[in-house]
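Chain letters run A, B, ... following the sequence lines, proteins first and then strands; every chain starts at 1.
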Amino acid sequence: MSTVFALVDCNNFYASCEKLFRPDLKNVPLVVLSNNDGCVVARSKEAKALGIKMAVPVFQIQEQIQQHGIQLFSSNYALYADLSCRVMTILEGLAPRVEVYSIDEAFLDLSGLGSAVSLLEFGQNIKDTVAQWVGLGVCVGIAPTKTLAKLANHAAKKYPATGGVVDLTQPERQQRLLAITPVTDVWGVGRRLGNRLEIMGIKTALDLAKCAPATIRNSFSIVLERTVRELNGESCLELEELPPTKQQIMCSRSFGSRITTLGQMSEAIAQYTARAAEKLRQENQQAKMLTVFVQTSQFKESSKVYSNSTTGELVLPSDDTRELNVLAMQLLKRVWRDGYSYSKGGVMLSDFYDNDTYQPGLFDEVIKRPNSTKLMAVLDKINQSGLGRVFLASEGINNTWSMKRDHLSPAYTTRWSDIPTVR
Amino acid sequence: MQASIIGKSCSASHINEHRLAIPFFLSRVPAGFPSPAQDYVEQTLDLNELCIKHPAATFFVRVEGDSMIEAGIYPNDVLVVDRSVRAEHGDIVIAGFHGELTVKELELKPVTRLIPRNKAYPAIDVPEGCELDIFGVVTSVVRNMRRKSSAKS
């Protein structure tokens, strides 16, 4: 049986989320900013039309913001994650198999469906249902391989005449699209690889598809060989339904203002450790290794550049915030150097075990804090209720270094005090 | 922000002093008599089941103002909004109108209008060609009858 994949991708996802409960912003240009409100990470279609580029620092577009009344929003990940989850749930109800690929993209396996229904209509139904149920626009690309489905989706976004759905299961249509697609737009071909290909005269996706797979493998990689096969309709990448168990958990952020004292840095690292430990407990895992890293700004402006990281190991894997924090504080003292302005710090947990399955060595000292599991469960319950926050005193109370989020919208869908009001 | 200390986490030295040896393998041994009701336990009732048919399409909004009191919708009520339901004539809907989210009764015949359910308010005409964005259909009202004691939810 021939394979059929669909790629469903939300249009301007973050920007569309911000508009959902704001009818007053319907046709208003809007951008969403990165952590610390530094750069543009998402743009509404109006902002794109004004020529606002992706990743541009906010200070460089101040004039346009004033002139066109562009609305600024800090990243509201609680909102985006909730709406993303709703979209994915709908897709899981419509398609037999779904791979959640990113916060705003999913691959569907539609193999065998084509003989029963029109794939184009199926795609349109997906698009209409998501629009009706969640109020977000999506585009759908349908093709025999994931790489072609990506291209079909790209075309659905680029050409309004498609109505946001492209069925690329016919080889003739594939050829026509490949011929007008620059090779750099192919999934997995970045700018650098694209440059190398162009030197060899491979300019369009069709040029790449016509290359002999063996040649590509020899002069590039087996990954690109797979891309060539996929462009020719031979499915090499399967649907990955179950996300692999996390191998590591990272919590790191840029500081709102530079940190210069060990006291402040300890607070930040303690807070990140607590957050990472909370994520760890959600995954029902325990970690044995912990890494702490700190760094100064890497830009020219800072006179002295320094960055360092160090990793330590617990005797027993743990998911207890206190246990992990003791280790994190020891590690921080090892990497900390006075006299620098630090812009970023973080914590990474790794070497995971399922809860209480670790077999300690015969001579390991096995000491577990009494009632640790229960205490952590209570901690998480309180902190996730939105009614208050319980934390280690070492996390500090006045976090002057904490992330800047001056334009944060309400948690419309995840906090009772923030739900939209209607008159 | 306010913070209060609720207890001290143990220091490493404290743990070492109060060392407790725990065997590697523990298993629970059931004891006592089984409950005679055990075979009759059914699931507990879940309010979500009653109010929410399509969780992925359901949103909550809070009412401000008194334009719908004759329909039994009062200020500070929480409305359950189901976006998967197609709005029909006579439904209570949430609509985006003049840049604001509003709750009104939807009238489609003879012309499209938004009807407040309070005689003090005029009906809102939706002129031909003017787009009316229906956010969703209100399916339930949640009201706390003891507002003072629990203003939070």
Side-chain angles (χ1 to χ4, degrees), chain A residues 20-26 28 82-83 85-93 129-135 320-323 325-326 330 356 359-360 362 365-370 375 385-399 412-413 415-423, chain B residues 1-12 15-16 18-24 26 54-68 73 75-79 81-86 94-104 116 131 133-136 138 151-153:
Chain A
L20 187 57
F21 302 101
R22 295 286 302 270
D24 56 315
L25 299 181
K26 198 176 172 197
V28 174
D82 177 70
L83 294 173
C85 182
R86 290 164 183 264
V87 173
M88 299 309 168
T89 308
I90 293 168
L91 297 180
E92 276 157 11
T129 308
V130 174
Q132 164 93 29
W133 286 38
V134 195
D320 188 314
T321 303
R322 301 166 296 174
E323 213 77 63
N325 194 42
V326 168
Q330 288 168 0
D356 296 318
Q359 181 73 56
L362 187 56
E365 295 186 38
V366 183
I367 308 155
K368 216 183 151 193
R369 297 192 187 210
L375 179 64
S385 69
L387 296 174
R389 214 166 80 75
V390 180
F391 53 93
L392 299 185
S394 55
E395 291 174 44
I397 297 165
N398 294 311
N399 303 139
Y412 292 114
T413 55
R415 205 174 294 154
W416 284 113
S417 55
D418 282 11
I419 61 174
T421 54
V422 296
R423 294 204 150 266
Chain B
M1 171 180 177
Q2 276 202 333
S4 49
I5 294 172
I6 59 173
K8 261 193 157 170
S9 71
C10 301
S11 66
I15 294 169
N16 286 336
H18 296 80
R19 189 167 294 184
L20 186 69
I22 297 176
F24 286 157
L26 277 175
H54 309 100
T58 298
F59 294 85
F60 301 108
V61 298
R62 195 179 297 278
V63 178
E64 261 178 19
D66 56 1
S67 70
M68 291 299 283
I73 295 174
N76 218 27
D77 282 355
V78 170
L79 305 180
V81 183
D82 191 340
R83 286 189 58 109
S84 72
V85 177
R86 291 252 173 227
I94 305 298
F97 196 71
H98 284 320
E100 212 180 39
L101 286 176
T102 182
V103 53
K104 296 286 176 287
E131 227 179 298
D133 287 324
I134 302 287
F135 179 83
V138 176
K152 257 286 186 262
S153 55

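Residues satisfying the salt bridge (Lys or Arg N to Asp or Glu O under 4.0 Å) criterion with A/Arg22, sequence neighbours excluded, are A/Asp24. Under the ring-ring contact (aromatic ring centres under 6.0 Å, His included) criterion, B/Phe97 pairs with no residue, sequence neighbours left out.
Residue with the most contacts toward chain B among A/Asp82, A/Asn325, A/Leu20: A/Leu20 (heavy-atom pairs, distance under 4.5 Å). Most heavy-atom pairs under 4.5 Å with chain A: of the set B/Asp82, B/Asp66, B/Leu79, B/Thr58, this distinction falls to B/Thr58. Each of B/Ser84, B/Pro116, B/Gly136, B/Ala95 has some count of heavy-atom pairs under 4.5 Å with chain A, and the biggest count is that of B/Ser84.
Without hydrogens or angle criteria, A/Thr421 side chain to B/Arg62 main chain gives no donor-acceptor distance under 3.5 Å. A donor-acceptor pair under 3.5 Å is absent between the side-chain atoms of B/Glu100 and the main chain of A/Pro23, judged by distance alone.
The shortest heavy-atom contact between B/Ala56 and A/Val134 is O-CG2, 4.2 Å. In terms of heavy-atom proximity, B/Val78 sits nearest to A/Trp416 at CG1-CZ3, 4.0 Å. Here the shortest heavy-atom pairing between B/Arg86 and A/Gln132 reads NH1-OE1, 2.7 Å.
Here the straight-line distance linking atom CZ of B/Arg83 with atom CZ of A/Arg86 works out to 10.0 Å at 0.5 Å rounding. Considering CZ of A/Arg423 and NE2 of B/His98, their distance stands at 15.0 Å, rounded to 0.5 Å. Of the inter-residue distances, the one linking B/Phe59 atom CZ with A/Tyr412 atom OH reads 12.5 Å to the nearest 0.5 angstrom.
Only the side chain of A/Leu83 comes within contact range of chain B, with at least one heavy atom under 4.5 Å from a heavy atom of that chain.
With contacts defined as side-chain heavy-atom distances shorter than 4.5 Å, the pair A/Val422/B/Leu101 qualifies.
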